[in-house]
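Written out below as structure tokens is the structure these notes cover.
Order of appearance sets the numbers: ligands from 1, and atoms from 1 within every ligand.
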Amino acid sequence: MAKIYYDGDASLEALKGKRVAILGYGSQGHAHALNLRDSGIDVIIGLHPTSKSREKAQRDGFEVYEPSEAVKRADIIMFLTPDPVQPELYKQCVEPHLNPGKTLAFAHGFNIHFKQIVPPKDVDVFMVAPKGPGHLVRWMYEEGKGVPALVAIYQDASGNCKEKALAYAKALGCTRAGVIETTFKEETETDLFGEQMVLCGGVTALIKAGFETLVEAGYQPEVAYFECLHELKLIVDLIYQYGIAGMRYSISDTAKYGDLTRGERIYKVVKPLMKEALEEIQKGEFAREWVLENQAGRPVFHALLERDRHHLIEKVGEELRKMMPWITGKELK
Ligand SMILES: NC(=O)C1=CN([C@@H]2O[C@H](COP(=O)(O)OP(=O)(O)OC[C@H]3O[C@@H](n4cnc5c(N)ncnc54)[C@H](OP(=O)(O)O)[C@@H]3O)[C@@H](O)[C@H]2O)C=CC1
Ligand SMILES: CC[C@](O)(C(C)=O)C(=O)O
């Protein structure tokens with residue numbers, strides 16, 4: 001059984017008198033910085049002078065330093081820039097200023113697990129990986145709720161690295177929902193798998209395939225949008241709140257029978273593909289591909305993002321969402 005930590009199992013004490021430098025002020029960066037500060041932790045931000053997010057961090061009331069200066073001034077250095085830029089940032093701005101009192105922290109295990117960053121033995125290294133997008137980490141914290149997280153210790157030089165990691169997770173609001181103890185390996189492999197085959201890649205592929213199948217068969221794009229994208233959220237909300245069985249309680253028997261029999265066809269095709277993708281991740285093939293893609297200037301990444309940005313489903317969705325103003329929530333800053 002997993003070891004799960006809740007609010008009562010963690011104390012902020014381990015962060016008392018410590019300063020946290022958040023490197024990066026994007027999706028996770030702004031959420032960690034704001035939640036930690038609201039939890040009473042001393043937070044500074046590390047960004048390059050030309051950074052686009054510098055102004056936003058300053059507007060939010062943070063002291064912003066160049067990354068190497070932030071590292072010098074902090075006890076705990078949390079890496080919240082995109083994964084591919086972290087190794088260079090580490091070499092240039094972090095490694096030269098490390099000493100035995102410092103702690104390195106990550107929200108994803110990629111660079112440690114795949115040895116893109118190799119820290120010295122005398123610093124603590126932990127991970128607090130929220131299982132949710134950064135904006136939700138912030139919004140749910142503000143509402144008194146929390147996003148679950150995984151916590152892992154890679155190196156415990158000080159002897160109290162785990163207390164610091166749990167304190168960090170508590171300050172982020174994650175122990176409100178549950179924080180599971182894991183390893184960098186397990187977090188990295190399951191996170192890559194989830195985002196590729198289920199949460200992002202899997203879901204968007206299902207949506208697009210469903211939408212295109214209906215539109216190519218002559219059905220109205222707006223009908224296809226409601227059927228394959230809009231209603232998905234309503235169905236997932238039921239699954240999120242009540243489980244798959246709970247969702248099935250609310251849908252019709254006709255839908256249930258179609259779900260069970262036709263869904264099985266998708267399951268049979270998709271499961272071997274999932275196993276293949278997991279093996280690519282476990283063997284480090286995906287990591288190698290992503291590192292090389294970055295070294296080449298991300299040609300495939302940009303081309304595919306651009307292709308999907310112009311998909312008919314985006315245009316149709318934009319128009320339909322205008323008629324449902326309650327859908328557009330807070331701004332995705
Ligand atoms: N996105 C998410 O919800 C999740 C992310 N994670 C992990 O969290 C970490 C951060 O991811 P995410 O929040 O998506 O990152 P973002 O892409 O949102 O980070 C953008 C921030 O990093 C800065 N940045 C970009 N390049 C550099 C650089 N070379 N040097 C210094 N700063 C730079 C950006 O500055 P500028 O404004 O100038 O571009 C911006 O402030 C990753 O390890 C990721 O795997 C984990 C769980 C979920
Ligand atoms: C699902 C994508 C994610 O893994 C996440 C929000 O948890 C990410 O890395 O962004």
among protein heavy atoms, the one nearest atom 3 (C) of ligand 2 is Glu195 OE1, 3.5 Å
If you draw the axis of the six-membered ring of Tyr6, does the NZ or CZ of Arg176 fall within 45° of it and under 6.0 Å from the ring centre? no
Do NZ/NE/NH1/NH2 and the carboxylate oxygens of Asp124 and Lys102 come within less than 4.0 Å? no
His135 vs His30 aromatic rings, parallel, tilted or perpendicular, using cut-offs 30° and 60°? tilted
Close residues, ligand 1: non-hydrogen atom nearer than 4.0 Å: Gly24, Tyr25, Gly26, Ser27, Gln28, Leu47, His48, Ser51, Lys52, Ser53, Leu80, Thr81, Pro82, Asp83, Val85, Gln86, Leu89, Ala107, His108, Pro130, Gly132, Pro133, Gly134
Quick one: does Asp191 get an N or O within less than 3.5 Å of an N or O on ligand 2? yes
Give the residue, atom name and distance (to 0.1 Å) of the protein heavy atom nearest atom 1 (C) of ligand 2. Cys200 SG, 3.6 Å
Cation over ring, Lys3 on Tyr5, under 6.0 Å and within 45°? yes
When you measure from the side chain of Lys170 to the backbone N and O of Ala10, does any donor-acceptor pair fall under 3.5 Å? yes
If the test is side-chain contact (heavy atoms from CB on, under 4.5 Å), which one of Val137, Leu136, Leu150 qualifies with Pro130? Val137
With the threshold set at 4.0 Å, does a side-chain nitrogen-carboxylate oxygen contact exist between Lys162 and Glu181? yes
Residue Gly132 vicinity, atoms of ligand 2 by number, heavy atom under 4.0 Å: 6 (C), 7 (O)
Is Arg138 close to Asp38 at the side-chain level, that is, under 4.5 Å between some pair of heavy atoms? yes
